[in-house]
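Notes for the one structure printed next.
When a residue number appears, it is its place in the shown sequence, counting from 1. Worth knowing before you read on, the calculation uses all heavy atoms, side chains too, and leaves out hydrogens, waters and symmetry mates.
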Amino acid sequence: MTTNKEPVKEPARETTREPIGKLISHLHRQNQKILAKELLPYGIGSGGQHSFLKLVLSHPGITQDQMTSRIKCDKATTTRSVKLLEASGYIERRTDPNDRRSFLLYPTPQALDFAPVFQTLLDDFNRELSMDLTGSELDTLTDLLHKVTRNSDRMNGQG
């Protein structure tokens, strides 16, 4: 006697995954703390000032509005960081000749002298952060984070 009984399917187990946003947020907060500590001896504080300095170094003459857009933060954060970096002697604001209400941001000689040290600190930080990953894993992680970032941008009306 043959039975045509279908095998009993077990209910699908839901794997409990930590939310991606939570992991990224945790990583961001930890990175900010570590970088703030590393950069404190150079007069660069917390609040992501390093991101603003890196942008001015790579794009001399950038406006504050362009910085806000590229870093994806609010105007108040940009203004605060620019003022702090200016007070620390790393950037200077020049009036935009095409728009007297706007400022162009340039690295100072102090910032240009610091740039190689700054880049070494960032490179060392990234190397240490990814030291347990193979080259292939690092490439995959980077690709996946770019995908998640594009999704986030799209959800935020930016993509």
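With rounding to the nearest 0.5 angstrom, the CG atom of Leu85 is 11.0 Å from the CG atom of Leu55. Put simply, CG on Leu105 and CG on Asp96 are 10.0 Å apart, with the number rounded to the nearest 0.5 Å. Here the straight-line distance linking atom CD1 of Ile34 with atom CG of Leu39 works out to 11.5 Å at 0.5 Å rounding. Distance check: Thr63 OG1 to Arg70 CZ gives 9.5 Å after rounding to the nearest 0.5 Å. Distance check: Asp123 CG to Glu128 CD gives 13.0 Å after rounding to the nearest 0.5 Å. One distance of note links CG of Leu104 with CD1 of Ile91; it measures 11.5 Å at 0.5 Å rounding.
Nearest heavy-atom pair, Ile24 versus Val148, reported as atom, atom and distance to 0.1 Å: CD1-CG1, 4.2 Å. Residue Ser25 comes nearest to Arg29 through the heavy atom pair OG-NH1, 2.7 Å, listed as atom of the first residue, atom of the second, then distance. Scanning all heavy atoms of the two residues, the minimum distance from Pro60 to Ser58 falls at CD-C, 3.6 Å. The shortest non-hydrogen separation linking Ile44 to His50 is CG2-N, 4.1 Å. When all heavy atoms of Gly43 and Ser88 are compared, the pair lying nearest together is O-OG, 3.1 Å. When all heavy atoms of Glu18 and Lys22 are compared, the closest pair comes out as OE1-NZ, 3.5 Å.
A continuous path of Ile, Leu, Val, Met, Phe, Trp and Tyr side chains, each step under 4.5 Å between heavy atoms, connects Val117 with Tyr90, placing both in one hydrophobic cluster. The hydrophobic cluster containing Leu133 does not contain Leu144, counting ILVMFWY residues as joined when their side-chain heavy atoms lie under 4.5 angstrom apart, directly or transitively. One hydrophobic cluster, built from ILVMFWY side chains closer than 4.5 Å, cannot hold both Leu53 and Leu40; they sit in different ones. Val56 and Leu122 fall within the same hydrophobic cluster, where Ile, Leu, Val, Met, Phe, Trp and Tyr residues are linked whenever their side-chain heavy atoms come under 4.5 Å apart, directly or through other members.
In this structure, the side chains of Leu129 and Leu27 come closer than 4.5 Å at one or more pairs of heavy atoms. The closest side-chain heavy-atom distance from Val82 to Met67 is below 4.5 Å. Here the side chains of Leu57 and Phe114 are not in contact, with every heavy-atom distance at 4.5 Å or above. Annotation: side chain of Phe52 is not in contact with side chain of Leu84 (no heavy-atom distance under 4.5 Å).
Under the 4.0 Å criterion applied to side-chain N and carboxylate O atoms, Asp124 and Arg127 are assigned as salt-bridge partners.
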Please evaluate residues Arg93 and Gln64 with respect to the criterion side chain to side chain contact (heavy atoms under 4.5 Å, CB included), reporting the C-alpha separation (whole Å), side-chain torsions for both, the decisive distance (0.1 Å), and the verdict.
CA-CA 10 Å; Arg93 291 189 290 173; Gln64 284 187 215; 3.6 Å; yes
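With a 6.0 Å radius and a threshold of 12 heavy atoms from other residues, nucleotides or ligands, Ile20 has its CD1 atom at or below the threshold.
Not one N or O on the side chain of Ser81 forms a donor-acceptor pair closer than 3.5 Å with the backbone of Thr78.
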